[in-house]
Amino acid sequence: MGEIKMEDMPLPALFEQARKIHATATEFGADQELVKKGCEALNKCEDMINKLGLFSSNETKEDISTTDLKYILVPYYLAELTEKIAQDDRIQILKASQAKLKEFISFCEAMELVPKEELESYLQGVPKSVADQRARKIARFKRQKAAESKLLEIKERKERRGRSTKAAALSAPVEAGEEELLDDDGEEEREAWNTSISLAICKAFDLLEMIKKEDEMLSAVKDRQSKDGDQEFSKDVLDERAKKAEAWHRSAAVRAQYTKPSPPITCATFAQDVLEGRAQASQAHDHKHQPLIFGPQSLVNGSFTNERERLAAQVFQPSHRMPTMSIEEAGLKEMEIMNKWQETNIRLMEEATSSWHNDRKFKPGEEEEDEDDDAAQDRARALDDWKDDNPRGAGNSKLTPCG
């Protein structure tokens, strides 16, 4: 089956399609074709509502049926989608959107759907003081958040009831002719649409104020362009900006040919001197640390001639001890200590893994001692014989109780 044409669609289906397009364009953004299709669907809804005569000036909000209550939002949806149309004549788009917003607000006012404080401020116009504007925006923001919270609560309540209904239908046997009943709670549906209308009213007032400001700015620009000349004004401004940018790039290119880049600053003390104006970045620096001296600029790096200048230089001195070397010097010192430590470890490891008898050196003419020296052997044998004749503790045998 092919897609149903818009002219053949009934009002509920057409409104649902337009509402989905509006939600997509508002939340995620949409292309111009989809926006124009939504505007066409909403215009068709307006024509059908007028032909059917769903609303009357003699009715109140209680007289409108629950199924027809949602069609009050058609002018608001049409105003929002119209404002999103991209067109060269932006002022015309703003005028059309503003007219639909005023139509929506006027109808809600006749149906007594607009809050009293919002209606009074709308009839009075723009408040004079900034405090009144801020109070109006805060009150509107609170009403908008309350409406959003209420809609979310109704949605969650409906989802829970739907899950419980499905669970009950699966657990209980279904008799012949009995079907799953849809949610026929008219009061909840009416409450949801009333809350949606209240939320739309808050957004409509915000959008109306934004459109008025944009219309005023565009009208002022158009008046200025009509006086100064649109093409000449824009062309002169663009030509002037292009000339300035081209001149700046040419000057920078010429300077880059003869300018030698400064070496990077690696010393924290020298970088502070450059920032405070005591040195230039192009100057050579040997990275010697100099203690920081606080006080008047005239006394910094100067000699003290009297006690008064010395005391003046001590003003605002830090309470902690200042470093005696820079970070670079500390790193080099630590590296030197580490190298020495590694060399010492290597030497000790070499000595530990080598044999002393193989590394022993003899002087020229010195001979190695003879291991089979007779005298040494005789002394060793005599000591062994004496140990055999005199065992350990033998001289104290008479002192033992059982000896």
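Residue numbers count from 1 along this sequence.
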If you measure from [atom1] on [X] to [atom2] on [Y], what distance do you get to the nearest 0.5 Å?
{"X": "W341", "Y": "E336", "atom1": "CH2", "atom2": "CD", "answer": "16.0 Å"}
{"X": "L332", "Y": "I337", "atom1": "CG", "atom2": "CD1", "answer": "11.5 Å"}
{"X": "C202", "Y": "L207", "atom1": "SG", "atom2": "CG", "answer": "13.0 Å"}
{"X": "Y76", "Y": "L101", "atom1": "OH", "atom2": "CG", "answer": "8.0 Å"}
{"X": "T24", "Y": "L34", "atom1": "OG1", "atom2": "CG", "answer": "6.5 Å"}
{"X": "C45", "Y": "L78", "atom1": "SG", "atom2": "CG", "answer": "9.5 Å"}

Criterion salt bridge (Lys or Arg N to Asp or Glu O under 4.0 Å) on E343 and R347, from CA distance to verdict: CA-CA 6 Å; E343 293 175 358; R347 186 176 69 255; over 6 Å; no
Do the side chains of [X] and [Y] get close enough for a salt bridge, i.e. N-O under 4.0 angstrom?
{"X": "K102", "Y": "E109", "answer": "no"}
{"X": "K333", "Y": "E329", "answer": "no"}
{"X": "R190", "Y": "E187", "answer": "no"}
{"X": "E46", "Y": "K51", "answer": "no"}

Hey, is [atom1] on [X] packed in by over 12 heavy atoms from elsewhere, all under 6.0 Å?
{"X": "R134", "atom1": "CZ", "answer": "no"}
{"X": "E334", "atom1": "CD", "answer": "no"}
{"X": "E16", "atom1": "CD", "answer": "yes"}

Y71 and F15 aromatic ring geometry - parallel, tilted or perpendicular at 30°/60° bounds: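 Ring orientation, 0 to 90° scale: perpendicular.
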Should [X] and [Y] count as side-chain neighbours, where that means a heavy-atom distance under 4.5 Å?
{"X": "L81", "Y": "I85", "value": "no"}
{"X": "K158", "Y": "E153", "value": "no"}
{"X": "K100", "Y": "E80", "value": "no"}
{"X": "K222", "Y": "M217", "value": "no"}
{"X": "K145", "Y": "E148", "value": "yes"}
{"X": "E209", "Y": "K212", "value": "no"}
{"X": "I197", "Y": "L69", "value": "yes"}
{"X": "L208", "Y": "I105", "value": "yes"}

D68/S65 under side-chain contact (heavy atoms from CB on, under 4.5 Å): CA gap, chis, key distance, verdict: CA-CA 5 Å; D68 298 339; S65 62; 3.0 Å; yes
Residue pair [X] / [Y]: nearest heavy atoms and the distance that separates them:
{"X": "L73", "Y": "A200", "value": "CD2-CB, 3.6 Å"}
{"X": "A25", "Y": "V35", "value": "CB-CG2, 4.4 Å"}
{"X": "L199", "Y": "A147", "value": "CB-CB, 3.9 Å"}
{"X": "T82", "Y": "I93", "value": "O-CG2, 3.0 Å"}
{"X": "I72", "Y": "L113", "value": "CD1-CD1, 4.3 Å"}
{"X": "L54", "Y": "E59", "value": "O-OE1, 3.9 Å"}

Verdict with supporting geometry, I201 and F104, side-chain contact (heavy atoms from CB on, under 4.5 Å): CA-CA 8 Å; I201 290 173; F104 170 70; 3.9 Å; yes
Under 3.5 Å donor-acceptor, D63 side chain and T60 backbone: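 Indeed, once roles are kept as given, a pair shorter than 3.5 Å links the two residues.
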Under 3.5 Å donor-acceptor, Q144 side chain and K203 backbone: no
Derivation of the salt bridge (Lys or Arg N to Asp or Glu O under 4.0 Å) call for E189 and K70: CA-CA 10 Å; E189 184 180 359; K70 57 187 176 182; 5.7 Å; no
Chi angles and distances behind the salt bridge (Lys or Arg N to Asp or Glu O under 4.0 Å) call for E33, K36: CA-CA 5 Å; E33 294 182 0; K36 291 179 180 179; over 6 Å; no
Pair I91-D89, side-chain contact (heavy atoms from CB on, under 4.5 Å): steps then yes or no: CA-CA 6 Å; I91 298 179; D89 192 359; 3.9 Å; yes
E83/Q98 under side-chain contact (heavy atoms from CB on, under 4.5 Å): CA gap, chis, key distance, verdict: CA-CA 9 Å; E83 191 270 335; Q98 188 176 7; over 6 Å; no
